[in-house]
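See structure below.
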Amino acid sequence: VSEQRFNELRDEQVVYAIHRQSRTFLPAEDHCPLCPTRPGGMETEIPQPAFEIAVFDNRFPAFQAPHGAAEVVVYTDDHHASFGTLPRERAEALMWVWRHRYQELGARADVRYVLIFENRGVEVGVTLHHPHGQIYGYPFLPPVPRLELAADQRLGGCAPCALLRRELEDRRRVVYENESIVTYIPYAARWPYEAHVVLREHRPSLLDCRAAELGLLAEGLQALARGYDALFARPFPYVMVVHQAPPAADSSARTAPGDHPQDASAGAAQGSHLHDPPAGAAQGSHPHDPPAGAAQGSHPHDPPAGAAQGSHPHNPPASTAQGGHLHVEFYPPLRTAHKLKYPAGSEQGGGTFIGDTLPEESAVALREAIARAT
Amino acid sequence: MALNSPSSEHAGNGVAWGPLEVEQKVKQDGRSLIFYTRRETADGKPMTGPERAEA
């Protein structure tokens, strides 16, 4: 069982999953727990000789019911594949798997946010090389999606919509686009080759996408992954994270175990500690939020008034009550073929990333690499 | 929230969900294990998903 504690100075939850210390670490290929179980071979997590996509509860979970979820998503039974080299149909099927898991986990009372991600490469801490991703069902709203919702309030509308418009007007940082998505290195990227793959239309979550959009999202994600590998002619490590809306319109009204300091039923293991923040802190009334009136209308990139949340022309009626705009962010740690960008003193102590390259320059190289790899 | 939930029907050993067949199992230690397999049309092509449902 994990233990959740609130860090007052950082205004964030910290989760201790000490059982993960003993998890499988870079096993030899013939001991890979994510390969299929072949006749005469080692019994793996997947007791079948072949499969397309498999999802299972993590054996070493950071979260587990009734305090969240941690799942492993195995993309293929081919140990040597990668997300970028999957057949297009498989990548598209993966989008549907993500969507299904978002729906299933998002419907649970103990899940406040569904985070779909992939860590690729030992440089970002991968412990299993078999192509796979993970899904965490957090019992609280984590800081990054919380900040994204705050950005919606600060900009007076959907922040990713506003930023996408800005990137499309500027175009210097756009590296790829198709009918449904645009990929760009953001204006204020933290990582040298950070890229965001953003739905053109306002889609709060995977559940709001049309079928064709899921196919084109898969196409865009794979184009970027292949472009990354082509950039320095080597497997490119990255962290890939799907950003989307909290899973249910009534999520703010739901009570997850550990949200309330006075919630005795949550138990000591899950954050019912006195240091827990008030429940309202996670839902847009955060004490560090700028007053709604102070920032609105004074930001140079303010979207037009009509773009405000709930009045966006492309807002599906189902999701107007919640923020979020489906996009996928990649955080690659490489700054050159053999040099890593480390989050060090300024990044960890000051919270300010110092960049060695300008996003516009990185975009030129990444755009060319994607074109070479297509 | 109205979800874009494709209607479910039994197909093979699993349940059809959009273009996928979903087969849910339980491992010996109680953990869930789900297999996702692409469904195919009569001519062997991958099935595409349904358009999004109305709210």
Side-chain angles (χ1 to χ4, degrees), chain A residues 43 45-48 50-59 61 64-65 69 71-75 87-90 92-104 106-107 203-215 245-251 316-322, chain B:
Chain A
E43 184 169 343
E45 288 276 21
I46 303 165
Q48 282 193 188
F51 64 90
E52 289 189 5
I53 298 175
V55 176
F56 58 86
D57 288 329
N58 197 321
R59 185 180 163 201
Q64 61 188 126
E71 296 184 337
V72 178
V73 183
V74 187
Y75 301 163
R88 165 73 189 274
E89 297 79 16
R90 180 67 59 84
E92 186 169 342
L94 180 61
M95 302 299 108
W96 284 88
V97 170
W98 287 355
R99 172 148 122 166
H100 187 247
R101 300 319 302 150
Y102 177 83
Q103 181 183 39
E104 294 279 311
R203 306 293 187 217
S205 79
L206 289 158
L207 289 171
D208 300 290
C209 290
R210 299 178 188 277
E213 288 175 322
L214 292 180
D250 64 344
S251 61
S319 301
T320 49
Q322 58 188 323
Chain B
M1 177 182 184
L3 302 175
N4 185 7
S5 311
S7 60
S8 295
E9 59 186 76
H10 289 286
N13 294 324
V15 174
W17 195 87
L20 304 176
E21 182 174 304
V22 183
E23 188 177 1
Q24 307 232 21
K25 299 189 172 191
V26 179
K27 295 164 76 78
Q28 286 186 338
D29 60 7
R31 289 181 292 141
S32 75
L33 171 63
I34 311 170
F35 290 107
Y36 292 91
T37 308
R38 280 172 301 151
R39 299 162 67 203
E40 294 183 343
T41 57
D43 58 359
K45 294 179 180 175
M47 187 172 285
T48 58
E51 286 302 309
R52 61 187 301 274
E54 293 301 319

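Letters A, B, ... mirror the listed sequences (proteins, then strands); counts begin at 1.
The aromatic rings of B:Phe35 and A:Phe51 lie tilted to each other, with the angle between the two planes from 30° to 60°.
With a 4.5 Å cut-off on non-hydrogen atoms, B:Leu20 touches chain A through its side chain but not through its backbone. A:Gln48 touches chain B through its side chain: at least one heavy atom from C-beta onward sits under 4.5 Å away, while N, CA, C and O do not.
A:Leu94 places none of its side-chain heavy atoms less than 4.5 Å from the side chain of B:Tyr36. Under the 4.5 Å side-chain criterion, counting only non-hydrogen atoms from C-beta, A:Glu92 is not in contact with B:Arg38.
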Before giving the answer on side chain to side chain contact (heavy atoms under 4.5 Å, CB included), spell out for B:Trp17 and A:Glu104 the whole-Å C-alpha distance, their side-chain angles and the decisive distance to 0.1 Å.
CA-CA 12 Å; B:Trp17 195 87; A:Glu104 294 279 311; 5.7 Å; no

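Taking each heavy atom of A:Asp57 and B:Ser32 in turn, the nearest pair found is OD2-N, 3.0 Å. Of all non-hydrogen atoms in B:Ile34 and A:Arg101, the two that sit nearest each other are CD1-NH1, 3.4 Å. For the residue pair A:Glu45 and B:Leu33, the shortest heavy atom distance occurs at O-CD2, 4.2 Å.
With a 6.0 Å radius and a threshold of 12 heavy atoms from other residues, nucleotides or ligands, B:Arg31 has its CZ atom above the threshold.
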